[in-house]
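Note that the numbering runs from 1 along the sequence shown for the chain.
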Amino acid sequence: MENEKKTQVTPSKEGEMQKRRRSVTECADPSGTPSPPLKRRSPRRCNSDLQNNGNGNPKVSVDGAADSHKSVQKRLSDSKIEKPEWNPKDPVHMKSVKEALHVSMAPPAILCREEEQKRLLEFCKSCVEQEKAGSMYVCGCPGTGKTLAMERVKDLLLGWADEERFQHPNILHINCTSLANTSEIFSKILENCHLLKKTNGIRSPFQHLQDLFSQNKKTHKGKMIMIVVDEMDYLITRDRAVLHDLFMLTTLPFARCILIGIANALDLADRFLPKLQSLNCKPQIITFRAYSTNQILSILQQRLATLAYDAFEPQALELCARKVAAVSGDMRRALSICRSAVEMLEIEIKNSLDSLSLFRLDKTTSTKQLAPANELFARKEVHIVRFDHMAVALSKAFKSPVVETIQSLPQHQQIIMCSSAKCFQQGKKEMTIAELNKAYSDTCKSSSVPAVSMLEFSTMCRVLGDQGLLKLGQSREDRLRKVTLKIDNNDVVFALQVRFLDGTQIINPLKCFYKTGIIWCLEDQQNW
């Protein structure tokens, strides 16, 4: 009787078990179609499967999970597109890389100059909408994107005029380097207004323009005139009369011209701005700052992204960006250096092919001896511009007599130059020989180089002074003589960072220590 009670199942429990069986069958076949009978599974086992799925969906069979995993892997492999390998021996590939890095190749979009471009465009739009004359002065160091941004603004302005149904302004671009004399610029403007033939020889072109913009006559069929004066530095005369007269044209009562001057001199506005302000023709000013490391790197990557293959190591591009940003921030210089690095790769490939050809032509070389040479050449064959190619290109680009002099100095004199540059980088204008000796000793200690005595140190400082690298003051004691650096810090940094053998490869590991954001490097003692 007790056993019968234990095996007896109440109706309510039996109904719950049937529901659980149905749920298990539905899990196995959600479409509702009849399926073969499944083996009985405990409710606890079924629930654990549901929990392990995590998303509430029933667990499928092991074979189905493996198939789905394979299909996911296949989709991921199909979606991952790798660029093909660059073949520098192919003239078409080499030409495409050089064209992408050429200055004349306009990029699809101008990076890192969005704010300056926006200000230029808004200024031009305002003048066209109000039919009002205005002037703007654009300044910046060479290679900072001034002319390129202006070209893009002209295209955007014409597109905007079409959309808003404004009449296109008549655009006149004058490069002052092509002028025979400074006053010829007024003849160019008159010629653009189709009034040059109507003038007589008594009055100057500038006087004709004054009359034209002082009377209520619409020039050039009522169009606005946009005058872009590039390389405005060439218009500077002793009295700066041409510059003043040019900006004064925009203040005349019926002038319909937009004057935009572009120059490399950052202080040009400060030199002629007070006079222009007194004449009530002060222009708006936009300054294009030198490109930073990240900006140069972004622009190089943008240009190379148009290629179907990778042509540069990322470290090589970063080295170029850092060097150029530290010296000038000139983007045109960076592009030229990258093209030079490509040429370094070409030379290396040519030399390798010539060496292998001579080895093959040697009649004493057997086939068995030739096989390892072919294998070695294939293994060392390069398909990308490396870090050392870029370093050689940078060395050639920034080579100067000062850099050559520093690189030819003995080891301890180089350490003195490195120590002095580090101290002056921290803000000091001058120091005593004793202070410089302390910095020199610290540098020797950090690079594991034995320091010389104070007497030898003073003698080496006098030698560096005779070579024009240091300037030494007068004092009764050598320890108290004032020392100043007569050359640029950047020349010292560049000269002591890398050295080359045969112009192709870096031969020494460099010991570096960091100070004020600049890497100061000293050569390993064993390489001397």
Under 4.5 Å between any side-chain heavy atoms of [X] and [Y], yes or no?
X      : Y      : value
His412 : Tyr440 : yes
Pro88  : Ile349 : yes
Leu259 : Pro283 : no
Cys338 : Leu300 : yes
Leu179 : Leu235 : yes
Lys188 : Asn192 : no
Trp86  : Val97  : yes
Leu243 : Thr182 : no

Please walk me through it: do Ile260 and Met226 pass side chain to side chain contact (heavy atoms under 4.5 Å, CB included)?
CA-CA 8 Å; Ile260 298 179; Met226 182 176 175; 3.7 Å; yes
Look at [X] together with [Y] and state whether they make a salt bridge at an N to O cut-off of under 4.0 Å.
X      : Y      : answer
Lys146 : Glu231 : no
Lys350 : Glu346 : no
Arg119 : Glu116 : no

Before giving the answer on side-chain hydrogen bond (donor to acceptor under 3.5 Å, both in side chains), spell out for Tyr309 and Ser96 the whole-Å C-alpha distance, their side-chain angles and the decisive distance to 0.1 Å.
CA-CA 10 Å; Tyr309 30 75; Ser96 62; 2.5 Å; yes
Should the pair Arg479 and Phe457 be classed as cation-pi, given the thresholds of under 6.0 Å to the six-membered ring centre and 45° from the axis?
no
Decide side chain to side chain contact (heavy atoms under 4.5 Å, CB included) for Met460 and Val452; before the verdict, give the C-alpha distance in whole Å, the side-chain angles of both, and the deciding distance to 0.1 Å.
CA-CA 10 Å; Met460 286 190 291; Val452 299; 3.4 Å; yes
Step by step, would you call Val138 with Met150 a side chain to side chain contact (heavy atoms under 4.5 Å, CB included)?
CA-CA 9 Å; Val138 179; Met150 192 64 240; 5.7 Å; no
Would you check if there is a donor-acceptor pair between the side chains of [Y] and [X] at a distance under 3.5 Å?
X      : Y      : result
Asn294 : Ser292 : no
Thr147 : Asp230 : yes
Tyr137 : Thr287 : no

More than 12 heavy atoms from other groups under 6.0 Å of CZ on Phe123:
yes
Which of Ile337, Val385, Leu335 passes side chain to side chain contact (heavy atoms under 4.5 Å, CB included) with Cys320? Answer is Ile337
Looking at CD1 of Ile227 and OG1 of Thr250, how far apart are the two atoms once the value is rounded to the nearest 0.5 Å?
9.5 Å
Atom CD1 of Ile296 and atom CG of Leu111: how far apart are they, to the nearest 0.5 Å?
12.5 Å
Heavy-atom closest pair (Leu307 atom, Ala100 atom, distance to 0.1 Å) is CD2-CB, 4.2 Å
Mind jotting down which residue pairs meet the salt bridge (Lys or Arg N to Asp or Glu O under 4.0 Å) criterion with at least one end in residues 453-463? Sequence neighbours excluded, please.
Arg462-Asp478
For residues 432-441, the salt bridge (Lys or Arg N to Asp or Glu O under 4.0 Å) pairs (sequence neighbours left out) are Lys438-Asp442
Leu464/Gln413 under side chain to side chain contact (heavy atoms under 4.5 Å, CB included): CA gap, chis, key distance, verdict
CA-CA 8 Å; Leu464 293 174; Gln413 292 184 23; 3.6 Å; yes
